[in-house]
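The structure follows.
Here is the naming used below: chain letters follow the sequence lines, and residue numbers restart at 1 for every chain.
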Protein chains: 2
Amino acid sequence: MAEKIFIVEDERPIARLLQLTLEREGFKTANETNGRRAYERILQEKYDLVLLDVMLPEMDGMEICKRVREVSDVPIIMVTARDEVRDKVEGLDLGADDYMTKPFAPEELLARIRGVLRRHNERLRNAEESRYVVKNMILYPERYEVTVKGEKVELTHKEYALLKYLVENKRNVLSRDQILQTVWGYDYIGDTNVVDVYISYLRSKIDDKFGEKYIYTTRGVGYAIRD
Amino acid sequence: MAEKIFIVEDERPIARLLQLTLEREGFKTANETNGRRAYERILQEKYDLVLLDVMLPEMDGMEICKRVREVSDVPIIMVTARDEVRDKVEGLDLGADDYMTKPFAPEELLARIRGVLRRHNERLRNAEESRYVVKNMILYPERYEVTVKGEKVELTHKEYALLKYLVENKRNVLSRDQILQTVWGYDYIGDTNVVDVYISYLRSKIDDKFGEKYIYTTRGVGYAIRD
DNA sequence: CGAATTTTTTAACAAAATTTTAATTCTTGC
DNA sequence: GCAAGAATTAAAATTTTGTTAAAAAATTCG
């Protein structure tokens, strides 16, 4: 249950102060002083929260925040020096969950951490944040969002529904009739080629655009999505 | 509840006097005579207030104050010899919360300590409130208040409730029906476009006014707020 | 209490985006 | 090489959304 907090801060005394404050309250901590290494560790290791200083060697906190947010939901609290108003504003711009300005009281730090963790857990419970993965494609049902190689793909409602149906049945070939029934809600076997048209749309937005084959045709039968 | 006060003073008789005065009033105390060690202890141990003499071996009080203030909010009262006016002024510039000139009456000491502690507690209460952050927008649930780029946004009750629901579910697309249920309390699927109208109101007060996109439409599905 | 103000809801229309149709071109397997 | 199935494309049809104004409801204030 002890949450693991990643402290990214290059000034040793401050890092120590943060570490002591947090460990005294029962959190586990890890430290990193270098920006680029911090970015790598956030992606590879599993932390419950990141305390991120803005000023860092090699890669600054804002850049880290932005890049991490492209792939991860890990809670981030930005830490900025007093009166660095520009930093504050930019930092928030990039998707941090909260921010603190130095100097701060330990109580404030703890209150903010608990607040961010609580809200994050509530969100997890409510949304059951699930995802489907095929190759470099990730489909997030609650967000109605699809990314390929970290880049968001803009889909219409029908395109999304069709892709979701394929992805939910990864590797299975689905007939046009099955698809019409499930995605379009037709209960008769229609004389239409909408499915073909929409498969074509999806391919142009995904397969063609990213140069990888996701959607396969099985002649005389239907379509399937595969790794 | 007994506050712990850190006495940094290299003249033993004065330190003893301070200690006695404070302990008689129910405060806990700790002592330190060396400047550099005092600095380290302030960062590592947890004190509710620091009484800091200006003249100290190895690192003077002003330097300590300045360095501590880079990270910590701990209340500091500077203690200076009589008529060292320059010191007095500089001490305040460096972030001390109050100052006293020697010699002083015990009553004055206690009054200043209580004053500083009271103000600090007020500050803490204000700082500990939770907040939801999206880009440059901050929503303070307890205050019923929303700011963008530090500027307050005037919202009606329904506008605020809708925005809060979106922000609580940052990144997730919420359908009009979900919104109607949660924000309007409708339990039937209404034939109404109030949600659209209120989204439009919010956009004119936030997105349009501040020239940043907060509220996104997912056609055929609903709305989401995103960084 | 009642007038004035503010907020909420309804309704209508224009604009924009999506979906469907349908005609044409391209592929595949025999 | 040919025929059936599949892919593509553009235009037409439909749906959805954004915005406004006015009506209705709620709230404030003297």
Task: Electrostatic pair A:Arg119:A:Asp97 at N-O distance under 4.0 angstrom - done: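 No, no charged N to carboxylate O under 4.0 Å.
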Enumerate the protein-to-nucleotides 26-29 of chain C contacts in which both atoms are nitrogen or oxygen and the separation is below 3.5 Å.
{"residue": "C:dT27", "atom": "O2", "partner": "A:Arg219", "partner atom": "NH2", "Å": "3.1"}

Task: NZ/NE/NH1/NH2 to OD/OE distance under 4.0 Å, B:Lys66 and B:Glu70 - done: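 The answer is no: the pair does not qualify as a salt bridge.
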- [ ] Examine the side chains of A:Glu58 and A:Asn34 and answer whether a donor and an acceptor come within less than 3.5 Å of each other.
- [x]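 Yes, side-chain donor-acceptor contact under 3.5 Å.
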Open item on the list: When you measure from the side chain of B:Asp48 to the backbone of B:Lys4, do you find a donor-acceptor pair of N or O atoms at a distance under 3.5 Å?
Closed with: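 Yes: the side chain of B:Asp48 pairs with the backbone of B:Lys4.
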- [ ] Please state how far atom CG in A:Asp191 lies from atom P in C:dT20, giving the value in whole angstrom units.
- [x]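 So the CG-P distance, A:Asp191 to C:dT20, works out to 14 Å.
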Open item on the list: Taking B:Ile77's backbone N and O only, do any of them form a donor-acceptor pair with B:Asp98's side chain (distance below 3.5 Å, no angle check)?
Closed with: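 Pair absent, no side-chain N/O of B:Asp98 close to backbone of B:Ile77.
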Open item on the list: Between B:Lys135 and B:Glu212, does any side-chain N to carboxylate O distance fall below 4.0 Å?
Closed with: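 So B:Lys135 does not pair with B:Glu212 through a salt bridge.
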Open item on the list: It should be established whether B:Trp184 places a side-chain nitrogen or oxygen under 4.0 Å from OP1 or OP2 of nucleotide C:dT9.
Closed with: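 For C:dT9, OP1/OP2 do have a side-chain N/O of B:Trp184 under 4.0 Å.
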Open item on the list: Strictly below 4.0 Å, N to O, side chains only: are A:Asp227 and A:Arg171 in salt-bridge contact?
Closed with: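 Between A:Arg171 and A:Asp227 there is no salt bridge, as every charged N stays at least 4.0 Å from the carboxylate O atoms.
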Task: By side chain to side chain donor-acceptor pair (under 3.5 Å) - contacts of A:Thr182 (at least two apart) - done: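 Expected list: A:Tyr165.
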Task: Nucleic acid contacts of residues 155-165 of chain B, taken as heavy-atom distances under 4.0 Å to DNA chain C - done: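 Within this stretch, B:Thr156, B:His157, B:Lys158 sit under 4.0 Å of the strand.
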Open item on the list: So that I can tick it off, tell me whether B:Lys46 and A:Glu107 are bridged by a salt bridge, with the cut-off set at under 4.0 angstrom between side-chain N and carboxylate O.
Closed with: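 Looking at B:Lys46 together with A:Glu107, the answer is yes, because their closest N to O distance falls below 4.0 Å.
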- [ ] Extract, from 5' to 3' on DNA chain D, the first and final nucleotides lying under 4.0 angstrom from some heavy atom of chain A.
- [x]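 Both ends considered, the range comes out as D:dA4 to D:dA10.
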Task: Donor + acceptor pair across side chains of B:Tyr99, B:Arg112 (<3.5 Å) - done: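 No - no donor-acceptor pair under 3.5 Å links their side chains.
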Open item on the list: Checking B:Phe6 now: which residues fulfil ring-ring contact (aromatic ring centres under 6.0 Å, His included) with it, not counting sequence neighbours?
Closed with: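 In terms of ring-ring contact (aromatic ring centres under 6.0 Å, His included), with neighbours along the sequence ignored, B:Phe6 is linked to B:Tyr47.
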- [ ] Provide the closest heavy-atom pair for B:Glu145 versus B:Lys152 in the form atom of the first, atom of the second, distance.
- [x]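 Where B:Glu145 meets B:Lys152 most closely, the heavy atoms are CG-CE, 3.6 Å.
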Open item on the list: I'd like to know if the side chain of A:Lys102 and the backbone of A:Val79 have a donor-acceptor N/O pair within less than 3.5 Å.
Closed with: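 Checked: no pair found.
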Open item on the list: Quick check on contacts: within residues 197-206 of chain B, what sits under 4.0 Å from DNA chain C by heavy-atom distance?
Closed with: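 Output list: B:Val197, B:Tyr198, B:Tyr201.
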TODO: May I ask you to evaluate whether B:Thr192 reaches the phosphate of C:dT10, defined as a side-chain N or O under 4.0 Å from OP1 or OP2?
DONE: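 Affirmative; the distance criterion is met.
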